[in-house]
Protein chains: 2
Amino acid sequence: MKATSKRDAGGGVALYQRIRSDIEGRIMSGEWPPGHRLPFEHELMNTYSCARMTVNKVLSGLAAAGLVERRRRAGSFVSRPKVHSAVLQIPDLKAEVENRGERYGYTLLQRQKRQATRDDKARLDLGPRTPVLALRCRHDAARQPFALEDRILNLDAVPAAADQDFSIVPPSTWLVDHVPWTEAEHRISAGNADSTLAAELNIEEGAACLIIERRTWRSGEPITAVRLIHPGPLYDLTARFTPSS
Amino acid sequence: MKATSKRDAGGGVALYQRIRSDIEGRIMSGEWPPGHRLPFEHELMNTYSCARMTVNKVLSGLAAAGLVERRRRAGSFVSRPKVHSAVLQIPDLKAEVENRGERYGYTLLQRQKRQATRDDKARLDLGPRTPVLALRCRHDAARQPFALEDRILNLDAVPAAADQDFSIVPPSTWLVDHVPWTEAEHRISAGNADSTLAAELNIEEGAACLIIERRTWRSGEPITAVRLIHPGPLYDLTARFTPSS
DNA sequence: GGGCGCTATTTGTCTATACATATTACATTG
DNA sequence: CAATGTAATATGTATAGACAAATAGCGCCC
């Protein structure tokens, strides 16, 4: 059995995948450093004995993934890793706690329907007299306070939320299943716990906390702003990152 | 001039792009909610009067971007936004400070070449008797302490670093230009400043700090571990995110 | 009714060809 | 020599046709 010249899809993995892994390997290993011009499509076409469309798909894919940049007439070049970027996963807290194998608990501390205050408006770019739902709740892991959630929800954008009581289902869980979003902004900072927070999270006043704020919009219309406050030493965000993926 | 049946590349944007934007729009707007089965390739092919390869490229692209999932014989489905994920950009501190339009300053506080201590080994999974370079430096923004950097560097992996004195060029800048990496891990947490740190950053003892730790490898070989400590209120990580991109 | 295998359908991959478009390098001209 | 036009070249997009692989769902048999 020789390598047939055409129609060779029945091998092991797809030819397309083999070529891609091959090229990715050379880039990752440093054999083709940033800035290096990789072979032209017609050269790769000869190297791998395939049609141009096949190598084109590979190179386009690598370009879409940001590993190479392509310029007409000039060729394809290994791109310099733009900035150190990490994909931070901020999943549902319930899922996250249960992933750690710990018992998850949820308590609604406060629920108030009101017209947006000056503060609310600043948090979410709301217009005047917008009805909002303000929620404050606590998430526990292994029966210990794990995060305090402070959220406002634009009821003009999500009127259905007014009928939800959120005493059992956390707002984040409900939102994920019911409200799609198009833009999000995250902000991560650190702060010292004030006395209220210290009491709610059962930590000492002044203890360092990790603060994650997230705002989401749907086609420009503000939906919700949430502040998650974690006891500093108890929680950390971890992200593993491989440029290839 | 009617829409020609074939060879219509000369319009405005590429047909491929039009179809993709169209489908993305329907997904984003909620018209096609998560779980919805989108039209089969042959249906889209009729809708847009084009070849299957063209819609195939669109759908494959959407799948690669994570917006849809495809199953043979079943069809293509809008995927549930897996987890809330945000692309956190952690660029070079110098670039970041200058982007804010502030004056950047850098001071090397400590530089020590040594065999890996027990602590170093725990930080980077180093073998015994590995030579490391330990650095401690301060980054200023607008003449105010902005971050303390505490780094160890595996000299077996990056021997050239031993010849660098890092009194002018920050290690992060030098590394970005000289050492490629294949894997990275980020960890973000909060902690209270101890007396040493408080003195170095010119803040009060006990003040909350944002701690970013990053470890990088090259094909499994540990390269460097760095801890960046920012005064909590002074610094925050912000990331805007649109699922489409 | 339950388990098994067949088949039709849908996506996955590949080819060969064609024309469009951008850009570089070179030649021509003022 | 500089500005400008032109040809060569590499990528971008699109087509039609073909076969491969997975699988949902149906019918068959016990």
Side-chain angles (χ1 to χ4, degrees), chain A residues 1-24 32 35-79, chain B residues 1-24 32 35-79:
Chain A
M1 186 208 297
K2 58 186 285 232
T4 55
S5 55
K6 316 170 102 181
R7 199 62 13 81
D8 199 12
V13 292
L15 174 55
Y16 156 74
Q17 293 291 350
R18 283 210 318 103
I19 302 178
R20 171 140 185 181
S21 313
D22 193 357
I23 294 180
E24 272 186 4
W32 289 349
H36 179 263
R37 206 212 76 222
L38 32 125
F40 297 124
E41 292 189 347
H42 70 263
E43 294 178 299
L44 291 171
M45 189 175 145
N46 285 334
T47 305
Y48 296 100
S49 309
C50 65
R52 190 170 78 92
M53 277 301 290
T54 304
V55 299
N56 184 325
K57 187 177 176 184
V58 173
L59 294 182
S60 302
L62 289 169
L67 264 107
V68 306
E69 286 165 31
R70 315 194 69 192
R71 291 205 317 276
R72 279 182 160 135
R73 172 65 221 248
S76 306
F77 301 82
V78 178
S79 50
Chain B
M1 186 208 295
K2 58 186 286 231
T4 54
S5 55
K6 315 170 102 180
R7 197 72 3 90
D8 198 12
V13 291
L15 174 56
Y16 156 74
Q17 295 291 348
R18 283 208 319 102
I19 302 177
R20 170 140 184 182
S21 312
D22 193 358
I23 294 180
E24 273 185 5
W32 290 347
H36 179 263
R37 206 212 75 220
L38 33 125
F40 297 124
E41 292 189 346
H42 70 263
E43 293 177 300
L44 292 171
M45 190 175 145
N46 285 333
T47 304
Y48 296 100
S49 311
C50 65
R52 189 170 78 93
M53 276 301 290
T54 304
V55 299
N56 183 320
K57 188 177 175 184
V58 172
L59 294 181
S60 302
L62 289 170
L67 263 105
V68 306
E69 287 164 30
R70 315 193 69 192
R71 290 205 317 275
R72 277 178 162 139
R73 171 66 221 248
S76 306
F77 302 83
V78 178
S79 48

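Per chain, numbering begins at 1; letters A, B, ... match sequence-line order.
With sequence neighbours left out, the side-chain contact (heavy atoms from CB on, under 4.5 Å) criterion links A/Ala64 to no other residue. Partners of A/Asn46 under the side-chain contact (heavy atoms from CB on, under 4.5 Å) rule, at least two apart in sequence or in another chain, do not exist in this structure. Residues that satisfy the side-chain contact (heavy atoms from CB on, under 4.5 Å) test with B/Arg18, not counting sequence neighbours, are B/Val13, B/Leu15. Taking A/Arg37 as the reference, A/Phe40, A/Glu43, A/Phe77 meet the side-chain contact (heavy atoms from CB on, under 4.5 Å) condition, with sequence neighbours excluded.
When side chains are defined from C-beta on, B/Val78 counts as touching B/Leu38, because their heavy atoms get closer than 4.5 Å. Side chains of B/Ser21 and B/Tyr16 form no contact here, defined as non-hydrogen atoms less than 4.5 Å apart.
Summarising the geometry, the separation between CG on B/Leu62 and P on C/dG12 is reported as 12 Å, rounded to the nearest angstrom. The nearest whole Å value for the distance from the CE atom in A/Met45 to the P atom in C/dC14 is 15 Å. Across the protein-nucleic acid pair, B/Arg37 atom CZ and C/dT9 atom C1' stand 12 Å apart, rounded to whole Å. Distance, A/Asn56 CG to C/dT13 P: 15 Å, rounded to whole Å. Atom P of nucleotide D/dT15 and atom OH of B/Tyr16 are separated by 14 Å, given to the nearest angstrom. Distance A/Glu41 CD to C/dT17 P: 17 Å, rounded to the nearest Å. In this structure, B/Arg70 places its CZ atom 12 Å from P of C/dT10, rounding to the nearest Å. A straight line from OH of A/Tyr48 to P of C/dT13 spans 17 Å, rounded to a whole angstrom.
Neither OP1 nor OP2 of D/dT13 sits under 4.0 Å from any side-chain N or O of B/Thr54. Residue A/Lys57 places at least one side-chain N or O under 4.0 Å from the OP1 or OP2 atom of C/dT13.
Residue A/Met53 is the one, among A/Met53 and A/Ala74, whose nearest nucleotide of DNA chain C lies closer to the 5' end (criterion: closest heavy atom). In terms of position along DNA chain C, the nucleotide closest to A/Ala51 lies nearer the 5' end than the nucleotide closest to the other residue of the pair A/Ala51 and A/Arg71.
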Output a table of donor-acceptor pairs, distance under 3.5 Å, between side-chain atoms of residues 52-59 of chain B and any protein atom two or more places apart or on a different chain; print 'none' if there are none.
from    : atom 1 : to      : atom 2 : distance (Å)
B/Arg52 : NH1    : B/Glu41 : OE1    : 2.5
B/Asn56 : OD1    : B/Ser60 : OG     : 2.8

Look for any protein N or O under 3.5 Å of an N or O in nucleotides 7-9 of chain D and output each such pair with its distance, or none.
from  : atom 1 : to      : atom 2 : distance (Å)
D/dA8 : N3     : A/Arg73 : NH1    : 3.1

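Judged by distance alone with a 3.5 Å cut-off, no donor-acceptor contact links the side chain of A/Arg18 to the base of C/dT13. Donor-acceptor pairing under 3.5 Å, judged by distance alone, is present between the side chain of B/Arg52 and the base of C/dG12.
Ranking D/dT13, D/dA18, D/dA22 by closeness to the B/Arg72 side chain, first place goes to D/dA22.
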